[in-house]
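Beneath this line is the structure, given in structure tokens, with notes to follow.
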4 protein chains.
Amino acid sequence: MSSSLGTLFRISTWGESHGPGVGVVIDGCPPRIPLSVEDIQQELDRRRPGQSKIVTPRKEDDRAEILSGVVDGLTLGSPIGILVRNTDHRPSAYTEMQQAYRPSHADYTYDAKYGIRAVSGGGRSSARETIGRVAAGAIARRVLEKSLPSYQTLAYVKTVQHLEAKVPAELSSDLIESNIVRTCDPEAAERMIELIESVRTQGNSVGGVIECVVRGVPAGLGEPVFDRLEADLAKAMLSLPATKGFEIGSGFAGTLLTGLEHNDEFYIDPAQKASNSPVTGQPSLGIRTRTNRSGGVQGGISNGEDLVFRVAFKPTATVLREQKTVTNTGEETTLSARGRHDPCVLPRAVPMVEAMVHLVLVDHWLRQRALCS
Amino acid sequence: MSSSLGTLFRISTWGESHGPGVGVVIDGCPPRIPLSVEDIQQELDRRRPGQSKIVTPRKEDDRAEILSGVVDGLTLGSPIGILVRNTDHRPSAYTEMQQAYRPSHADYTYDAKYGIRAVSGGGRSSARETIGRVAAGAIARRVLEKSLPSYQTLAYVKTVQHLEAKVPAELSSDLIESNIVRTCDPEAAERMIELIESVRTQGNSVGGVIECVVRGVPAGLGEPVFDRLEADLAKAMLSLPATKGFEIGSGFAGTLLTGLEHNDEFYIDPAQKASNSPVTGQPSLGIRTRTNRSGGVQGGISNGEDLVFRVAFKPTATVLREQKTVTNTGEETTLSARGRHDPCVLPRAVPMVEAMVHLVLVDHWLRQRALCS
Amino acid sequence: MSSSLGTLFRISTWGESHGPGVGVVIDGCPPRIPLSVEDIQQELDRRRPGQSKIVTPRKEDDRAEILSGVVDGLTLGSPIGILVRNTDHRPSAYTEMQQAYRPSHADYTYDAKYGIRAVSGGGRSSARETIGRVAAGAIARRVLEKSLPSYQTLAYVKTVQHLEAKVPAELSSDLIESNIVRTCDPEAAERMIELIESVRTQGNSVGGVIECVVRGVPAGLGEPVFDRLEADLAKAMLSLPATKGFEIGSGFAGTLLTGLEHNDEFYIDPAQKASNSPVTGQPSLGIRTRTNRSGGVQGGISNGEDLVFRVAFKPTATVLREQKTVTNTGEETTLSARGRHDPCVLPRAVPMVEAMVHLVLVDHWLRQRALCS
Amino acid sequence: MSSSLGTLFRISTWGESHGPGVGVVIDGCPPRIPLSVEDIQQELDRRRPGQSKIVTPRKEDDRAEILSGVVDGLTLGSPIGILVRNTDHRPSAYTEMQQAYRPSHADYTYDAKYGIRAVSGGGRSSARETIGRVAAGAIARRVLEKSLPSYQTLAYVKTVQHLEAKVPAELSSDLIESNIVRTCDPEAAERMIELIESVRTQGNSVGGVIECVVRGVPAGLGEPVFDRLEADLAKAMLSLPATKGFEIGSGFAGTLLTGLEHNDEFYIDPAQKASNSPVTGQPSLGIRTRTNRSGGVQGGISNGEDLVFRVAFKPTATVLREQKTVTNTGEETTLSARGRHDPCVLPRAVPMVEAMVHLVLVDHWLRQRALCS
């Protein structure tokens with residue numbers, strides 16, 4: 001079940017890059033959630049090719065069709081099927097690859113695993129697979145927003161190669177969407193765009209780090225032991241193409257602190273005492289931490305602070321330069337990719353990161369309702 | 001199902017720190033695997049308290065009993081139950097904590113989630129829970145070794161706070177076990193021990209990074225999309241107590257390279273052509289990569305190179321110093337932990353990391369057998 | 001996850017009767033299995049409406065489209081998506097039902113569960129949902145046939161109301177398909193057809209029993225304890241619409257025998273000693289039983305004899321006569337269904353029963369390969 | 001995962017008949033449920049050997065120990081481990097069986113599946129495995145009773161071979177427990193006891209049918225499509241040793257009715273209008289059916305009527321008479337069981353049936369809370 005995720009809100013994505021289409025089935029979505037195809041399309045538009053000059057110029061409209069599970073703008077509680085037809089096939093661009101394995105791509109490992117693969121467009125290993133995730137994430141978000149009104153997930157590009165954004169005190173979706181890199185620092189954005197255009201011209205690529213802040217998550221989500229919130233987030237992020245690392249809260253830098261420096265002091269915030277916990281229905285004690293080195297999770301369970309984590313994306317493996325490699329018959333050769341590529345995946349990866357957050361949280365939210373409502 | 005992990009080789013751990021005992025049930029272990037209680041005990045001894053001067057001096061023998069699933073030294077294919085009785089209860093040490101939440105521990109979040117918790121010894125959030133994992137990991141290792149003779153997992157302490165070990169060309173279990181820190185650099189070990197003893201004296205704590213190298217994994221393990229090998233490893237590692245980060249191959253540092261610098265060139269190693277793949281049974285083409293920035297995984301699937309990853313452990317939250325906190329009735333207070341603690345969890349975390357690797361890989365190995373044998 | 005089934009060969013069906021379409025995603029199908037859309041269409045044609053004078057005259061072509069997972073007639077190991085567009089909507093026929101609950105249908109219970117439902121065509125509770133099962137079953141069958149050459153599943157109508165077929169010594173697919181009832185007794189078929197046409201004329205309906213014989217299942221499939229082969233078959237059959245009972249081997253009648261009468265004696269069949277077990281790869285001992293009151297399963301595991309079981313189908317709930325019922329606002333009323341209905345579901349249920357057998361067995365076959373190959 | 005059951009309330013049983021012990025881990029039990037070891041012991045006492053003259057005279061006290069998950073009489077939300085030590089081993093009684101396969105037992109199929117088995121006491125195929133189920137069922141029952149005050153499951157022996165009990169209008173636990181057969185008809189009980197003692201004297205055995213009535217299940221439990229309530233009940237029942245059939249409501253006899261005769265008319269019961277649905281929290285409309293041929297389930301979902309189903313148990317396979325069989329080396333031989341056996345499993349199967357009902361319902365109850373609370 002390589003293509004399914006979730007315990008209660010369970011998604012199954014399907015589709016090859018150059019087959020008839022890609023999509024997803026969501027099994028376990030609660031009934032009576034307001035949902036329109038526009039809710040989904042809006043997120044797909046943030047991940048689609050051709051949206052700006054720094055992403056791949058491929059032309060794919062990526063129009064979603066809701067096949068089931070929704071009537072008159074409300075979910076039914078039955079599986080929601082979503083289909084996006086593939087439109088931009090150029091199988092000829094892949095002829096050479098039928099033989100030669102692209103370095104740091106999945107061509108060789110698919111053959112090693114399955115003894116067969118869909119060569120054209122990268123088949124199942126193409127980033128088009130994430131269309132299903134982003135569509136499902138849009139639905140997960142609606143479910144969460146209905147129960148947790150202050151829920152908000154904001155991902156943004158923190159670094160592109162050596163260029164780092166300053167994170168302002170006031171983060172907002174508008175700020176992040178104000179530039180085509182999707183960073184929270186308009187000034188850094190310009191330098192990042194320049195860098196990305198420069199490497200594109202060279203047929204090269206760059207990577208970077210996406211940071212994500214999640215607000216409005218009540219204390220009590222996540223399961224101790226294996227299905228810890230940070231463990232499920234780590235898995236979700238490392239399941240995205242091109243990711244090489246995940247850290248939450250203080251992360252790797254936190255290993256340089258002592259325990260006394262690292263611990264998050266608790267205090268009482270009287271302003272929060274008024275509200276009821278959506279998890280327990282009981283009045284909140286107003287417990288907060290003064291710092292957030294924990295990244296919003298303690299013992300695998302959310303503590304009511306913002307979730308804060310970072311994901312490392314390697315430079316795109318597709319580069320338009322000659323590289324040494326081997327063929328599927330075991331001979332050494334060289335390969336030069338041609339055509340269109342993303343010189344930097346990060347701008348389009350921002351909505352993917354957000355979608356995975358929605359998917360992880362909605363599942364834990366439903367699990368918590370089962371356990372303790 | 002917070003306490004279960006795995007699709008085919010599925011483990012369920014159970015037990016509170018100061019209850020009758022802790023243990024695990026393994027459901028899905030193949031039959032006819034040679035297994036003795038010593039195989040398990042040996043790994044438990046590497047994680048138990050009191051094994052050296054730099055870990056907690058608690059006295060727990062942690063003797064394993066195999067309750068089922070094994071007859072005459074061979075597994076039956078039926079569930080294997082393992083029980084370790086708890087022996088060192090000191091409930092009195094926890095009286096104060098019934099009220100006050102220990103900073104950066106799971107006391108508050110357990111209450112927020114469940115509305116109840118086993119106060120004594122940290123209950124389920126205690127690191128004693130990992131006994132079940134380490135025991136199950138020892139069994140998973142036997143299964144893998146039977147099918148993959150060159151399989152070997154070597155974890156070691158890479159850094160303690162700012163002190164970093166040099167990784168030699170020749171890694172071995174003997175080298176790592178030659179010092180009580182479990183690092184691969186005997187010289188650094190001395191400085192690390194000094195540092196850990198120093199922070200212990202101060203009632204403080206330190207963290208660090210564990211690196212892990214896995215050899216003998218054939219190409220073809222791992223599933224594309226959600227159950228990628230690196231995603232499942234990330235989840236497994238982030239499910240260990242005190243972890244804050246995971247990176248594979250080039251990791252976060254890889255974001256500073258360009259695609260041309262980062263890609264791993266393929267070549268043919270004639271020496272490997274002789275062997276048959278344990279995944280497909282077909283003769284190997286001898287495909288290798290010259291560098292290993294991928295960390296042994298491409299497109300979520302192992303490529304036959306060593307798996308290489310790192311895990312960040314925060315400094316132990318238990319510090320023997322007065323800290324500000326709040327009570328479970330919502331009042332601010334201070335708390336001073338007393339007694340025994342691990343000033344640095346890393347030496348005892350090494351066998352935990354290895355156990356989680358065994359568990360992730362055995363599950364993917366069985367899944368691959370189902371799919372392609 | 002109401003709409004997913006299977007551990008390794010996992011299917012997720014989706015779709016409402018009068019929405020855009022219905023379909024299925026199969027996650028976990030092994031690679032390199034020969035598969036064409038005709039393999040699927042052939043089975044769909046056996047379940048579709050309008051195929052004969054004794055089933056509903058609705059016009060639905062039910063043309064399948066393979067959306068993913070297959071290239072050049074071979075499965076890829078990636079998810080297989082299948083879509084069948086709905087074409088024959090007549091929402092007007094359901095206006096009345098928006099208010100009144102049809103007796104012994106799922107209208108009321110869907111509302112009780114979800115607080116919402118797709119009224120038109122019965123929505124998700126329509127037998128159109130089984131299209132996805134039959135399509136997935138056709139694929140499961142191909143997987144089984146590749147590994148188990150003598151595998152064959154033959155379901156047939158055993159009784160229609162009080163009319164019972166004689167089961168001949170020589171069963172075959174041709175015999176069963178030789179009549180529109182899909183019974184194995186051409187003489188009984190005529191009386192059954194007469195009965196079905198008679199109740200249809202009266203706007204009434206009848207039920208009956210389908211028997212199923214599965215050949216070529218090697219000893220060793222099925223898991224003791226919960227996932228027994230008979231338990232998974234029972235669940236699969238009782239998950240079909242209109243089913244009320246399941247029995248295997250001697251079934252309910254077996255409760256009238258004593259142990260001495262019921263036990264199946266073992267003997268050695270020298271003719272079978274030649275072959276190797278596809279489960280263990282070891283030479284067969286030629287162990288057989290002289291009788292088969294066990295129905296091919298002992299201790300939850302297949303013993304190499306034919307699987308033999310029976311499924312009870314109630315008379316169709318849709319009858320074209322006035323019935324007393326209530327509205328969704330809690331008032332008593334009467335309701336007269338109009339239009340087209342299946343006076344007897346059994347002829348179209350035969351391929352559904354077979355599909356569920358394929359799905360149960362392929363999953364256990366893959367699980368066995370994982371455990372013991 | 002042959003030994004695990006459930007999606008949210010998930011149990012894993014373990015243990016061989018003559019190993020150190022048997023038990024269960026329950027993962028997913030909600031917190032703050034009152035639970036004592038006596039709650040569990042009470043049910044175990046109903047299934048243990050030696051409780052009356054018509055069951056096996058083996059001496060096993062079957063004392064349960066709660067190893068985890070409960071503190072001060074309340075569940076913690078963490079896994080509950082339960083251990084029952086085995087005490088009555090007589091390995092010598094099984095020497096002969098190491099060679100000869102007992103007819104209609106699981107000896108042969110275990111060997112065919114695993115290539116190894118625990119011979120003594122039947123190992124994992126022993127009915128001792130059901131101890132874990134009965135213990136877990138007792139906990140499930142407590143969870144249900146806390147949320148659904150009128151919940152009650154009553155199983156009873158309906159027939160022993162050809163002897164049938166009359167089911168009175170007023171069923172009660174006291175009535176059923178008033179006789180050692182656990183039937184609801186004291187007069188029939190005497191004849192049944194006589195029959196069982198008679199076949200025991202002859203070294204023979206008998207089977208029969210258990211009927212089960214479940215009250216207080218609100219409308220809305222169960223999932224359409226695969227996890228239908230009747231499908232999950234069928235699987236649960238067919239997973240019990242010695243079962244050959246399951247039917248719900250009208251069952252096999254219902255196939256003799258026409259649709260008009262079979263359908264359950266709806267009506268409004270004003271007396272029920274007062275109450276709120278525990279599923280939706282909304283006021284009930286008072287919808288009832290006049291008959292209950294549906295057996296309390298429509299479209300896979302409970303409709304608020306009593307669940308009513310029947311389970312067929314074959315005559316015990318162990319008979320103390322010489323039978324023809326084969327050895328594990330493929331030679332024909334004869335075998336005479338000696339010693340102690342249950343001449344009729346039904347009296348001890350009654351608490352097993354009830355336990356499985358609790359387990360199925362608690363899982364669906366938690367799933368419903370997740371979906372719709």
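Here is how names work: the chains are called A, B, and so on, in the same order as the sequence lines, proteins then strands, and each is numbered from 1.
Of residues 67-78 of chain C, those residues lying under 4.5 Å from chain A by any heavy-atom pair are C:L67, C:S68, C:G69, C:V71, C:L74, C:T75, C:L76, C:G77, C:S78.
Using a 3.5 Å distance cut-off with no hydrogens or angles, the side chains of A:S4 and C:D27 do pair a donor with an acceptor.
A:L83 touches chain C through its side chain: at least one heavy atom from C-beta onward sits under 4.5 Å away, while N, CA, C and O do not.
A 6.0 Å sphere centred on NZ of A:K59 holds no more than 12 heavy atoms belonging to other residues, nucleotides or ligands.
Listed options A:A118, A:G81, A:G21 were ranked by heavy-atom pairs under 4.5 angstrom with chain C; first place goes to A:A118. For the set A:G123, A:S12, A:G115, the entry with the most heavy-atom pairs within less than 4.5 Å of chain C is A:G115.
Residues passing the side-chain hydrogen bond (donor to acceptor under 3.5 Å, both in side chains) test with C:T13 are C:R124, C:E129, sequence neighbours excluded. Applying the ring pair (Phe, Tyr, Trp, His ring centres under 6.0 Å) test to A:H364 and every residue at least two apart in sequence or in another chain returns nothing. Applying the side-chain hydrogen bond (donor to acceptor under 3.5 Å, both in side chains) criterion to A:E65, with sequence neighbours excluded, gives C:R85.
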